[in-house]
Amino acid sequence: SLEIQLPGQVQNIRIQNNGGVPIFVAFEPTGGEIEVYPLLTQFTDLALVYPSVSQLFVRGLGGASTFDLIGDLRNNPL
């Protein structure tokens with residue numbers, strides 16, 4: 001997986017897969033993965049499990065893929 005360190009605590013994450021293969025996203029090294037299908041946007045509400053995240057792990061299924069990630073930086077970083 002590709003590990004991405006975010007610039008701060010991020011919430012209300014939206015991930016759009018722009019490629020031709022599914023991608024899998026996790027928010028901790030041994031955490032469960034969320035599958036994001038090609039050309040779809042997956043809204044991920046992490047409020048019940050994660051108040052916010054500061055890293056994510058992304059891998060493609062059998063090939064490279066591009067994606068967009070949009071999230072809100074938390075006002076209170078604690």
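Note that the structure is predicted; figures quoted are calculated from it, not measured.
The closest donor-acceptor contact from the side chain of N17 to the backbone of V36 lies under 3.5 Å.
Residues P22 and P38 come closest through the heavy atom pair N-CG, 3.8 Å. Closest approach of F57 and P29 over heavy atoms only: CE1-N, 3.4 Å.
Side-chain contact between V10 and D72 is absent, with no heavy-atom pair separated by less than 4.5 Å. Here the side chains of Y37 and I23 are not in contact, with every heavy-atom distance at 4.5 Å or above. Contact annotation: the side chain of V53 approaches that of I13 to within less than 4.5 Å [non-hydrogen atoms, C-beta and beyond]. The shortest side-chain heavy-atom distance between F24 and L61 falls under the 4.5 Å cut-off.
Rounded to the nearest 0.5 angstrom, L69 CG and L6 CG are separated by 6.5 Å. Between the CD atom of E28 and the CD atom of Q55 there is a distance of 8.5 Å, given to the nearest 0.5 Å. Rounded to the nearest 0.5 Å, atoms CG (L56) and CG (L2) are 8.0 Å apart.
Side-chain contact, S65 with N18: no donor N or O sits under 3.5 Å from an acceptor N or O. Counted by atom type alone, Q11 and S52 present zero donor-acceptor pairs between their side chains at under 3.5 Å.
Grouping the Ile, Leu, Val, Met, Phe, Trp and Tyr side chains by contacts below 4.5 angstrom, directly or via other members, places I4 with I15.
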Test side-chain contact (heavy atoms from CB on, under 4.5 Å) applied to F27 and I34, step by step | CA-CA 9 Å; F27 298 100; I34 298 168; 3.8 Å; yes
